[in-house]
*Asks:* 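Dumping the structure here so I can ask a few things about it.
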Amino acid sequence: MQSCEISSDSTDDPLSSGLRSQRQPRIVVIGAGLAGLAATKTLLENGFTDVTVLEASDRIGGRVQSVQNGQATLELGATWIHGAHGNPIFHLAEDNGLLEHTTDGERSVGRISLYTKNGVAHYQTNSGKRIPKDLVEEFRDRYNEVYELTQEFFQNGKPVGAESQNSVGIFTRDVLRKRIMLDPDDLEATKRLKLSMLQQYLKISGGWRDGPYPRQHEVESCESSSPSMDEVSLSEFGEWTEIPGAHYVIPAGFIKIVELLAQGIPERLVRLGKPVRRIHWNYSQREEIGDTNDHNADTQPGRPVRVECEDRECIAADHVIFTASLGVLKKSHESLFSPSLPEDKVQSIQKLGISTTDKIFLEFAEPFWSPECNSIQFVWEDEAQMEQTVYPEELWYRKICSFDVLYPPERYGHMLSGWICGEEALIMERYDDETVAEICTELLRKFTGNQNIPKPRRILRSSWGSNPYIRGSYSFTRVGSSGGDVEHLAMPLPYTKSTKAPPLQVLFAGEATHRKYYSTTHGALLSGQREANRLVEMYQDLYNAEIAKPNM
């Protein structure tokens with residue numbers, strides 16, 4: 001087994017604040033997404049100079065990925081700024097003029113932007129018929145009533161009944177089915193349609209924090225990127241906190257936020273294409289990484305962490321801020337950390353949920369939809385009595401629950417955006433563009449009843465699940481997990497109460513570590529700032545303690 005080379009390119013300059021230290025603490029930030037960049041920027045602004053960012057991929061941004069399509073920017077990842085009041089992402093965008101070209105419709109309060117303010121969602125059945133608008137609105141109101149009930153368990157301490165199995169999906173399905181079936185005014189055919197719509201709503205709710213529809217609750221406030229709402233914890237569902245105010249898109253692309261964060265970070269500090277193999281924490285000079293006969297001795301004794309990269313370079317560090325996704329932790333925590341993570345942290349990683357939500361963009365030469373249509377919703381009539389929204393592999397396409405019309409057309413052209421989540425998204429990722437485009441075209445023909453819909457002239461789609469450095473879209477509180485698991489995930493190593501080892505060796509940031517704002521871009525940014533500030537405060541305390549010492 002080869003040994004990795006120890007990197008020792010740091011300077012011994014003291015902190016600009018005047019910290020009386022023998023050397024600058026060396027800090028390695030793993031991941032150049034919003035959390036990693038926010039942490040790095042905060043450290044540099046507070047006088048830390050020996051900071052290195054290791055990014056496994058060949059670009060910065062993490063789960064922000066903006067792609068140029070003619071004059072328009074399409075978002076394969078993060079799309080919306082969720083709320084304005086006190087949202088650091090909003091203030092970054094507003095202060096830097098990124099929202100100047102946002103249309104009035106996109107600024108409308110109480111709904112997601114990107115979709116026409118006055119548009120109408122067309123709910124189509126697999127027999128090619130459109131469900132009447134008044135029936136859709138009646139069902140939507142009922143669904144929103146039940147959504148409000150799901151919030152009460154956490155917010156009001158309401159006890160969870162055993163029959164719900166502590167699941168948002170099971171609770172919602174059970175309550176709404178009873179209300180629908182007991183309605184004396186509906187014909188049996190109407191009841192079946194509403195039950196089918198329920199299944200479609202649960203598919204949507206399972207997938208999108210970035211939900212596009214102008215509904216007040218069930219999608220805009222959707223907690224989850226889960227394979228199924230049956231996996232989302234009912235008792236914890238109300239803890240996620242929505243920031244008040246409008247939801248915004250950034251016309252020039254969400255990547256502009258990434259670029260703003262990166263502005264103050266010297267390029268030499270960010271090392272792209274640098275995946276990490278292992279983080280050795282509580283490292284002592286007697287330990288060796290790899291071949292015990294290797295004579296490449298550590299040139300910087302006293303640093304308690306070694307970051308071993310895939311290319312065998314090792315970087316000695318005082319602190320590591322780890323910002324990789326929960327998906328990466330689930331897949332690789334056993335090989336990533338030596339010694340292993342504490343058992344309670346491992347349990348939290350296993351309990352919390354993360355799934356894949358993918359977007360499918362279809363570009364057409366001309367619109368086949370009517371001018372007032374802002375989305376085409378797929379309602380399968382044969383799913384009225386379905387007990388879950390998970391499909392066998394050959395029926396993966398049934399999880400594509402809708403296509404939405406991007407707005408305004410002057411910016412986006414004639415573009416539809418489809419959504420798919422869960423295991424079915426992973427199956428979709430394995431097919432080539434041609435196959436996915438054909439399947440999407442057939443679905444659109446089937447549900448609209450228009451057999452003349454042409455194949456799109458272009459398809460563009462995300463693949464977050466199969467990306468080895470991401471492995472999912474964003475986190476959710478799965479049945480059996482709680483906000484306490486988010487806190488455990490965020491807790492730095494080593495635990496200070498149980499050891500005299502140097503503190504804050506490994507710190508954890510990323511959207512999955514923010515108890516109130518998990519699954520959001522602002523949660524990711526705030527978590528990075530939080531961990532950087534832990535280090536700032538620790539060194540300030542050390543400095544204050546040192547200058548308070550009496551002169552001997």
Side-chain angles (χ1 to χ4, degrees), residues 74 79 105 111-137 139-140 143 193-194 196-208 210-215 218-220 222 357-383 389 395-409 412-421 424-425 428 436-461:
L74 301 178
T79 303
R111 68 179 303 279
I112 298 292
S113 54
L114 253 193
Y115 302 90
T116 175
K117 184 176 182 180
N118 299 314
V120 177
H122 286 206
Y123 281 76
Q124 304 283 151
T125 70
N126 54 295
S127 59
K129 297 176 183 176
R130 183 179 171 188
I131 301 175
K133 186 170 178 256
D134 58 347
L135 196 155
V136 171
E137 291 175 349
F139 175 79
R140 179 182 300 163
Y143 191 99
L193 262 185
K194 288 182 178 179
S196 300
M197 288 177 65
L198 170 59
Q199 291 301 110
Q200 197 262 354
Y201 266 52
L202 289 172
K203 288 183 207 176
I204 296 170
S205 298
W208 297 275
D210 278 349
Y213 311 109
R215 298 193 286 270
E218 75 279 1
V219 178
E220 286 185 9
C222 171
T357 296
D358 279 326
K359 300 178 186 179
I360 307 169
F361 293 100
L362 303 178
E363 183 180 32
F364 294 87
E366 297 293 335
F368 60 82
W369 51 91
S370 56
E372 90 286 352
C373 176
N374 72 1
S375 69
I376 301 166
Q377 307 289 321
F378 299 156
V379 179
W380 294 87
E381 293 178 83
D382 59 354
E383 294 185 0
T389 52
L395 296 179
W396 65 269
Y397 55 83
R398 283 199 173 213
K399 203 64 171 286
I400 302 175
C401 61
S402 65
F403 277 94
D404 307 288
V405 181
L406 295 199
Y407 178 86
Y412 295 103
H414 308 302
M415 183 83 68
L416 297 181
S417 174
W419 305 79
I420 184 170
C421 67
E424 294 82 2
M428 183 275 295
V436 175
E438 286 179 1
I439 288 172
C440 290
T441 304
E442 285 304 312
L443 282 173
L444 288 165
R445 289 171 180 168
K446 183 183 187 71
F447 280 84
T448 62
N450 179 0
Q451 296 304 310
N452 296 319
I453 294 175
K455 281 183 62 177
R457 64 183 184 184
R458 187 184 180 204
I459 180 173
L460 180 68
R461 57 202 172 113

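Because the structure is predicted, anything quoted here is derived from the model rather than measured.
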*Asks:* So, for Q451 and R445, which heavy atoms are closest and what is the spacing to 0.1 Å?
*Replies:* NE2-O, 3.5 Å

*Asks:* What's the verdict on side-chain contact (heavy atoms from CB on, under 4.5 Å) for W369 and N450, showing C-alpha distance, side-chain angles and the deciding distance?
*Replies:* CA-CA 10 Å; W369 51 91; N450 179 0; over 6 Å; no

*Asks:* With side-chain contact (heavy atoms from CB on, under 4.5 Å) as the criterion, how do T441 and L362 come out once you've worked through the C-alpha distance, each side chain's angles and the decisive distance to 0.1 Å?
*Replies:* CA-CA 9 Å; T441 304; L362 303 178; 5.7 Å; no

*Asks:* Can you name the ring-ring contact (aromatic ring centres under 6.0 Å, His included) partners of W396, sequence neighbours left out?
*Replies:* Y431

*Asks:* Of all residues at least two apart in sequence or in a different chain, which pass the ring-ring contact (aromatic ring centres under 6.0 Å, His included) check with F364?
*Replies:* F368

*Asks:* Give me the atom names and distance for the closest heavy-atom approach of S375 to Q377.
*Replies:* OG-NE2, 2.9 Å

*Asks:* Would the distance check show the side chain of N126 and the main-chain N or O of E381 forming a donor-acceptor pair, the cut-off being under 3.5 Å?
*Replies:* yes

*Asks:* R130 and A121: which non-hydrogen atoms are nearest, and at how many Å?
*Replies:* NH2-O, 4.2 Å

*Asks:* Say whether, by atom type as modelled, one donor and one acceptor occur between the side chain of K203 and the main chain of R398 under 3.5 angstrom.
*Replies:* yes

*Asks:* Begin with the C-alpha distance, continue with both residues' side-chain angles, and end with the deciding distance and a verdict on side-chain contact (heavy atoms from CB on, under 4.5 Å) for K359 and T79.
*Replies:* CA-CA 11 Å; K359 300 178 186 179; T79 303; 2.2 Å; yes

*Asks:* How close do I400 and F378 get, heavy atom to heavy atom, and via which atoms?
*Replies:* O-CD1, 3.1 Å

*Asks:* Taking only residues two or more places apart in sequence or in another chain, which ones pass salt bridge (Lys or Arg N to Asp or Glu O under 4.0 Å) with E363?
*Replies:* R457

*Asks:* With a 4.5 Å limit on heavy-atom distance, are the side chains of E372 and H122 in contact?
*Replies:* yes

*Asks:* Examine F139 together with Y123 and report whether their ring centres are nearer than 6.0 Å.
*Replies:* no

*Asks:* By salt bridge (Lys or Arg N to Asp or Glu O under 4.0 Å), which residues pair with R461, not counting sequence neighbours?
*Replies:* D433

*Asks:* Using side-chain contact (heavy atoms from CB on, under 4.5 Å), reason through E383 and S196 one step at a time and then give a plain yes or no.
*Replies:* CA-CA 6 Å; E383 294 185 0; S196 300; 5.5 Å; no

*Asks:* Between A425 and I420, which heavy-atom pair has the shortest distance, and what is it?
*Replies:* CB-O, 3.8 Å

*Asks:* With rounding to the nearest 0.5 angstrom, report the SG to CD1 distance, C440 to I453.
*Replies:* 11.5 Å

*Asks:* What's the spacing between I131 CD1 and K194 NZ if we round to 0.5 Å?
*Replies:* 11.0 Å

*Asks:* Would you indicate whether the side-chain heavy atoms of L74 and M415 approach each other to under 4.5 Å?
*Replies:* yes

*Asks:* First locate atom CD1 of I439, then atom CG of L443, and finally report the distance between them rounded to the nearest 0.5 Å.
*Replies:* 7.5 Å

*Asks:* How long is the straight-line distance from CD of E424 back to CG of D358, given to the nearest 0.5 Å?
*Replies:* 11.5 Å

*Asks:* I'd like to check the salt bridge (Lys or Arg N to Asp or Glu O under 4.0 Å) partners of K129; sequence neighbours left out, ordered by chain and number.
*Replies:* none

*Asks:* Compare every heavy atom of V405 with every heavy atom of C373, then report the nearest pair and how far apart it is.
*Replies:* O-CG2, 3.4 Å

*Asks:* Once salt bridge (Lys or Arg N to Asp or Glu O under 4.0 Å) is applied, do any residues pair with E137, and if so which ones, sequence neighbours excluded?
*Replies:* K133

*Asks:* To the nearest 0.5 Å, tell me how far L416 CG sits from D404 CG.
*Replies:* 8.0 Å

